[in-house]
Amino acid sequence: MAKPHPHGSVAHGPELRAVVFGGKFAGKTTLINAVFGEGFLPNQKRTAQCKKLRGNVCGRELMLVDTPGWWKHFPLSDTANFLKKELIQGVSLCHPGPHVILLVIEIDIPFTEKHRKAAVDHLALLGDQIWTHTLVLFTRSRSLGNRTIEEHIEKEGEALKWLIEKCGNRYHVFDSTVSDKTSQVTELLEKIEDIVRINDGAHFQIEAKILEEAAEWKRTVMTRAKSRELKQRERLDKEELRIALLGWVIAGKSSAGNTILDKKVFVTDQSTLECQSGCGEVDGRPVTVLDTPSWFKYFPAQYTPAWIKSGIFNGVFQTVTPPHCILLVIPADTSFHEEQRKVIEENMSLLGEQVWRHTIVLFTWGDILGDVTIEQHIESEGEALQWVVEKCDNRYHIFNNEDRRNRVQVTELLQKIDQLMAQNSSFQLNAEMFGGIHAKQEEDAQTETTDEYNLQDIVRFVDEEWRRRDKEFLKRVSKVKKDIKAVQRGDASLEFPPDLSETRLNTETEDHTDEKVSQTEPESRNVGTVQDEAKSTLKLKDQIKEMLDREWSRREEALMGRFQEMLSDQGWETQSEPTDDDKERSKIKVSHWFRDCSEGYGSAQGSVQSE
């Protein structure tokens with residue numbers, strides 16, 4: 001049933017239909033609530049499944065379809081298959097087809113070549129004719145300040161200008177924070193009607209073959225997923241549990257450890273540098289969780305720094321009581337290719353072939369899946385991910401770390417660990433295996449590359465460069481968090497954003513000379529000391545630089561996403577009760593600060609990808 005809306009009136013006519021596309025955190029759901037009226041869509045952090053909504057807006061019947069967002073730094077190849085199919089499903093919900101595709105782009109962060117390529121590739125899932133029906137819709141227009149949208153487009157550069165030209169120079173600006181949105185909504189409807197007229201009233205019609213293939217794919221995945229689900233058996237034993245978390249960077253290991261223990265034990269906004277254990281009582285039984293340093297997602301295991309390998313090895317085995325279970329943590333919101341399968345297999349080999357008998361795959365980011373079951377995700381990603389799950393004898397589990405109060409997910413995990421323990425003997429490493437594993441590490445360390453520098457030089461450089469970027473980024477985030485707290489206390493309104501000239505993050509690899517490393521870091525990671533002057537100017541091949549930028553993009557994207565969520569939260573109340581205008585000015589200042597931060601590293605990364 002259509003919902004009346006208080007906006008003004010425009011001419012009546014047939015129902016207008018539009019699908020809202022865009023990256024994560026772009027403001028798609030907020031936009032829909034602003035158009036239909038606040039509270040039309042339930043308050044949620046992320047959209048997992050497409051939703052069709054109808055209402056009467058300005059005297060006109062309107063249908064909007066909300067869709068999940070893609071990671072703006074990710075190429076299409078790194079988007080999970082279920083999300084790709086969900087985007088196609090969104091168009092099919094808008095029967096017989098949408099008049100317009102609203103491509104939502106937020107103004108308060110730079111639009112780079114990565115963003116352009118991600119948008120183009122994701123829209124290409126719908127077919128080549130999509131562009132004649134596409135309108136770019138800019139959100140968070142308050143961050144424009146005194147600039148016009150045209151000045152903003154010109155300032156952003158070729159990537160954004162190319163995209164707008166691809167859409168026939170059709171764009172609209174929307175500010176969902178103003179109380180009276182009538183003029184904005186009316187103008188948006190008029191622009192949609194203009195597109196309908198330009199297209200002679202025709203709607204976008206996706207190719208039947210694309211819809212048929214998507215439907216067949218979904219039926220196959222659901223059938224196989226149900227079969228996989230039935231293989232899982234449950235058993236509960238109240239013995240003490242010892243759990244170790246392994247996985248690549250930005251997988252969510254530390255968050256998973258906090259979810260299991262139901263308390264914040266592990267730091268989640270920075271990389272895990274050394275093994276750390278946490279204890280607690282879970283479901284009436286003692287549980288110990290070991291968090292470990294992460295290996296890279298895209299670098300082969302030979303590039304994993306020695307301090308990470310030794311940290312994992314010593315953490316798992318150099319204890320009186322080895323863990324009952326290894327949780328191999330894999331995020332469920334990104335694609336999984338043969339590349340990742342090999343990286344996992346090689347890094348897991350550090351612990352010997354027996355490790356697979358004691359491993360459960362723990363998928364994180366369960367909130368992104370929505371109604372998609374984990375079995376459907378496993379089947380949709382294909383053979384590489386299925387190999388890993390089968391290597392673990394079909395043991396897997398899914399976590400939503402955003403909902404730590406959901407203790408059912410933890411209870412079910414413990415049941416699966418109990419079942420694993422019942423099937424296997426203790427996880428032990430004998431002397432023969434110990435010697436073989438260390439011999440392999442020595443062999444890897446002596447491997448020569450095809451150029452004049454050996455593998456150890458490259459590993460050292462990659463490790464140092466990663467930590468340099470991470471340290472600079474976190475230092476700037478910490479600074480803005482302090483500024484925000486000052487606003488919340490009423491001590492400041494951020495009238496003068498901090499000077500970033502000395503802290504701007506540069507992702508260009510640099511020549512490194514001798515430098516001191518903090519005494520708090522493990523001695524094995526003291527990579528700054530370079531005795532050979534020739535090697536102090538180590539130049540990495542383009543392939544290595546590309547992989548490093550690809551890895552860093554995942555870290556950058558995760559931190560930026562969390563930061564944007566923080567800025568969008570309604571936590572601006574202060575003890576001194578500033579006016580709404582005061583709070584809005586502060587928020588704009590923070591947005592500008594964040595924008596300047598992003599420009600400092602966004603432009604330097606080129607078009608290489610991310611988590």
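Side chains are part of it too, since the values below use all heavy atoms of this structure and drop only hydrogens, waters and symmetry mates.
- Interatomic distance, D403 CG to D367 CG, rounded to the nearest 0.5 Å: 9.0 Å.
- Side-chain contact between E154 and R147 is absent, with no heavy-atom pair separated by less than 4.5 Å.
- No side-chain heavy atom of L62 sits under 4.5 Å from any side-chain heavy atom of N56.
- Salt bridge status for K72 with E106: present, with a side-chain N to carboxylate O gap under 4.0 Å.
- Tested against T259, the residues N401, N406, N400 include a single side-chain hydrogen bond (donor to acceptor under 3.5 Å, both in side chains) partner, N401.
- Seen from the ring of W70, K24 does not count as a face-on cation partner, given the 6.0 Å and 45° thresholds.
- For K191 and E187, the salt-bridge test passes: some basic side-chain N is under 4.0 Å from an acidic carboxylate O.
- Inspection of the D78 and T334 side chains reveals no N or O donor paired with an N or O acceptor under 3.5 Å.
- Side-chain atoms of E375 and Y396 include a donor-acceptor pair closer than 3.5 Å.
- Ring to ring, H115 and H73 are close: their centroids are under 6.0 angstrom apart.
- Side-chain atoms of I149 and F138, non-hydrogen and from C-beta on, do get closer than 4.5 Å to each other.
- With a 4.5 Å cut-off on side-chain heavy atoms, Q409 and H397 count as touching.
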| field | Trace of the side-chain hydrogen bond (donor to acceptor under 3.5 Å, both in side chains) decision for H337 with S77 | value | CA-CA 9 Å; H337 301 298; S77 61; 4.7 Å; no
| said: For a side chain to side chain contact (heavy atoms under 4.5 Å, CB included) check, start with the C-alpha distance between F21 and L102, then their side-chain angles and the critical distance, and finish with the verdict. | reply: CA-CA 6 Å; F21 273 21; L102 298 178; over 6 Å; no
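- Residues H377 and L385 form a side-chain contact, since some pair of their non-hydrogen atoms from C-beta on lies under 4.5 Å apart.
- Between F25 and W71, the ring center distance clears the sub-6.0 Å criterion.
- Checking side-chain atoms of R341 against main-chain N and O of F336 turns up no donor-acceptor pair under 3.5 Å.
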